[in-house]
J.: 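Next up is a structure, given as structure tokens.
Every chain is numbered from 1 and lettered A, B, ... according to where its sequence line falls, protein lines coming before strand lines.
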Amino acid sequence: MAMDEEDGAPVLRMRGIGKRFPGVVALQEVDLALYPGQVTALVGENGAGKSTLVKILCGVYQPDSGEIELAGETVRLNSAEQAMQLGVSVIHQETVLFDELSVTENIFLGQQMRNRLGMLDWPTMKKRAVAILQDLEADIDPDAKLRDLGIAQKHLVAIARALSVDSRIVVMDEPTAALSWKEIEELYAIVEKLKSEGKAILFISHKFEEIIRIADNYTVFRDGVVAGSGQVADTTQDALIALMVGRKVDQIFPKQMVEIGETVLEVRGLSHPTEFADISFTVRRGEILGFYGLVGAGRSELMQALFGVTRFSTGEVVLDGAPVTLKSPSDAVKRGIVYVPEERQRQGAVLPLPIFQNITLPSLGRLSRNGLLELAQEFDLARQYAARLELKAASLSHPVNTLSGGNQQKVVIAKWLATEPRVIILDEPTKGIDVGSKAAVHGFMSELARQGLSVIMVSSEIPEILGMSDRIAVMREGRIVDTAPRQEADAESLIRMAIGATQEAGVDAA
Amino acid sequence: MTMLYDATRFAVPDRLETGWKPRLLRWETLLLAVAAAIFTFNALSSPYFLDPWSLSDATFNFTEKATIALAMALLIIAAEIDLSVASIIALCSVAMGAAAEAGAGTGVLVLIGLGVGALAGAFNGALVTGFGLPSIVVTIGTLSLFRGLAYVVLGDGVYKNYPDSFAFFGQGYVWWVLSFEFVLFLALAVVFGVVLHKTSFGRWIYAIGNNPTAARFSGIRVERVKFLLFVLSGLMAGLASVMLTSRVGSTRPSIAFGWELEIVTMVVLGGVSILGGSGSIPGVVIAAFVMGLVTFGLGLLNVPGIVMSIVIGVMLISVIALPILWRRLQGN
């Protein structure tokens, strides 16, 4: 397990780091130490200052106060390039790679090798790329264009890029957020390998099982200050959560008992040429129907078809007993079917527009008199839903891109609730969201069900699916393979169905 | 509406007090200062400038372009563009000229001008929204196409048999020195300002310009809004064609040649981001005055046309570069 802190000198020590932005203190008197061969987990709610710290570490932001010591020497990280030269590699949450370039080009971009003539030395780079990828046990063609790779493979390329320089410190910002459980296992193996090579790893994650499993040390941020730090072996999940939120919170709010009413939405034999086939299910009033499956099982595509974004080829959707046509999202919204997308920054919110304009965007018709918008009414509506969802923001006129991920998600949910829908589809509603916001979203989903909404929730997190759903549909390769009430489902059976394993095969479900 | 929730803990203020400084540093305020400076410069450098009739004449220099700029502003905020507007003017003018030769009355001529403009805009809109083509490519194509049609019909000829009453739209005065063109432009500016800043349609335009995907996922009919904006742009070009044709009293296929650049310059000078998503109608209106004052001032100073064209070119580049540099300076 972890070395005692006194045993090794830290490779990186940050002391009294402070960073302010206009109107916000992002970090205050933050201390952090990273040790060679150890994984330090950085934990905190969204907006607690983790991203700011990462940006300081990789040279994007300069701290207002405090100092950074690398291997005992005080350094200034003035640019991303400099940070990289000093041995700090960052694997970002959303991988910053280039779709049109090859794997090798992506790995070496910005740090290309040159031959004696000063020309780019592609043969050597390719050899290095192959070696690094082999090291990662990644079966990826170095000449493939990134565009043709899956999300998990892209992630491996990002990791390969971070390892292509001789780094002493590897920062991983929520590396498992977009991965399936099998890919996550592979990532853990890579982390173990990096540890054994003596690299210091800063691992940012919201998943507590993961932290308990792979981290040696932890540091918890809350509102820009260090709320606590220590060795993982000496702590528990509950203690970490308590540090994070400053109060005791159950991680999952199980769905409250709600009387389930009549069928609201019925889907009959829905098919799409490539994404899903022969989908049938019903959702009733007050019910939460969970959709579980691996990434790529067709769940998001199915939901987007119900929302009118993509067309389905055959089948029908029946709402309150009458078939409905769903040719566009505006059709769906008119019928009271709304969708909170997984990609909230691209599809959910109009980031540069103010918070209140995002919340009122689908409800503008209701907020106009004689065709003119009533600003006071817009603010009323926005204020009401901001309070309901416990939105944390400086003001309702600030653009959404000034908010943390969890609060951006609250804006998207608020936008749809303001339309008073009948069916709300939530696609990975708590992905990349801090524990505090997560609990708020879960509690809120229960409340929506109690108010008589029908809720469809797509989630890849088993505790969330098991905790929140009344019934669980499992999708695999575009088909629903099973639908079962929550009481009859358990984690292992869900995973087995999602990957298509038989009982006899004995899959080692994590 | 009742507040069921703890309003104190999660109260988010509607807006924060910002003080006078950001307001003073707004692009519109700066433009207004520039307009005042040019006005003063013109007044000092030419004794004829301050005469009411001379000022009235000055408005003819920019009202037709500015009328189109109003619609162009909406298009550019929605992250589209229409470069074919000057060619639409030519097409409309040729259609009206041909109808006038055939003996059409003033009312019919106006309807033809507006109708052909709207149809040309609809053609652009259908190509952009129906086939998902980039508007800059489509409208460069129709820029050639519409102008080409005008040449095919008219060759190097001219239409000038317009009825006398047709002259009102480009030469008539509503009251004293206030021309019909100028008053119509001011009225349209108010209408466009209200539509962009006070209606759902205007809000949709901003949402589309900032993030068309999120706009679509919010239930906005993105394609329909864009199509309407192209029709509107064509309609305004048709209207400008009526005024311009009436003012010069004749139609040549080269009419309004190269106006699209001045119109786009006007819009961008008005603070509309060329990348879409931001800008205001007051800004565009002030920019129209600035452009009008500059060209009129240069005219008073007997600066030849070719130099004016250079000035417009320099203005276009600098107004695209300046706001970007400005934001960078503010950012630091």
J.: With only heavy atoms counted, which part of Ala382(A) is less than 4.5 Å from chain B, the side chain, the backbone, both or neither?
T.: neither

J.: Find the one option among Asp14(B), Val194(B), Thr213(B), Asn210(B) whose heavy-atom pairs under 4.5 Å with chain A are most numerous.
T.: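 Heavy-atom pair counts peak at Asp14(B).
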
J.: Would you name the heavy atoms of Ser135(B) and Ile81(B) that are closest together and state the gap between them?
T.: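 Scanning both residues, the minimum pair turns out to be OG-N, 3.1 Å.
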
J.: Would you mind checking which part of Val350(A) comes under 4.5 Å of any heavy atom in chain B, side chain (CB onward), backbone (N, CA, C, O), both or neither?
T.: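 Both parts, heavy atoms under 4.5 Å.
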
J.: Tell me, for Leu375(A) versus chain B, whether the close heavy atoms (under 4.5 Å) come from the side chain, the backbone, both or neither.
T.: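 For Leu375(A), side-chain heavy atoms alone lie under 4.5 Å from chain B.
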
J.: Determine the option with the most heavy-atom pairs under 4.5 angstrom with chain B, choosing from Ala394(A), Gly365(A), Pro341(A).
T.: Ala394(A)

J.: Using a cut-off of 6.0 Å, state whether more than 12 heavy atoms not belonging to Ile136(B) lie near its atom CD1.
T.: no

J.: State, yes or no, whether a side-chain contact exists between Val411(A) and Asn407(A) at a heavy-atom distance under 4.5 Å.
T.: no

J.: If you draw a 6.0 Å radius around CZ in Arg224(B), do more than 12 non-hydrogen atoms from other residues or ligands fall strictly inside?
T.: no

J.: Under a 4.5 Å heavy-atom cutoff, which of Ala215(B), Ser218(B), Ala207(B) has the most pairs with chain A?
T.: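 So the answer, after comparing Ala215(B), Ser218(B), Ala207(B), is Ser218(B).
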
J.: Select, from Ser330(A), Pro362(A), Pro354(A), the one with the greatest count of heavy-atom pairs under 4.5 Å involving chain B.
T.: Ser330(A)

J.: Parallel under 30°, tilted from 30 to 60°, perpendicular over 60°: which one fits the rings of Phe307(A) and Trp416(A)?
T.: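 Correct class here is perpendicular.
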
J.: Given side-chain contact (heavy atoms from CB on, under 4.5 Å), test His197(B) with Phe192(B) step by step and report yes or no.
T.: CA-CA 8 Å; His197(B) 301 297; Phe192(B) 274 83; over 6 Å; no

J.: Using non-hydrogen atoms only, which part of Thr419(A) is less than 4.5 Å away from chain B: side chain, backbone, both, or neither?
T.: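 For Thr419(A), there is no contact with chain B at all, as no heavy atom is under 4.5 Å.
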
J.: Find out whether Thr63(B) and Leu184(B) are in side-chain contact, i.e. whether some heavy atom of one side chain is under 4.5 Å from a heavy atom of the other.
T.: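 No, side chains not in contact.
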
J.: Please look at Ala393(A) and chain B and tell me whether the side chain, the backbone, both or neither of the residue comes under 4.5 angstrom of a heavy atom of that chain.
T.: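 When you check distances to chain B, atoms from both the backbone and side chain of Ala393(A) fall under 4.5 Å.
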
J.: For Gln304(A), is it the side chain, the backbone, both, or neither that has a heavy atom closer than 4.5 Å to a heavy atom of chain B?
T.: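 Answer is side chain: those atoms of Gln304(A) sit under 4.5 Å from chain B.
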
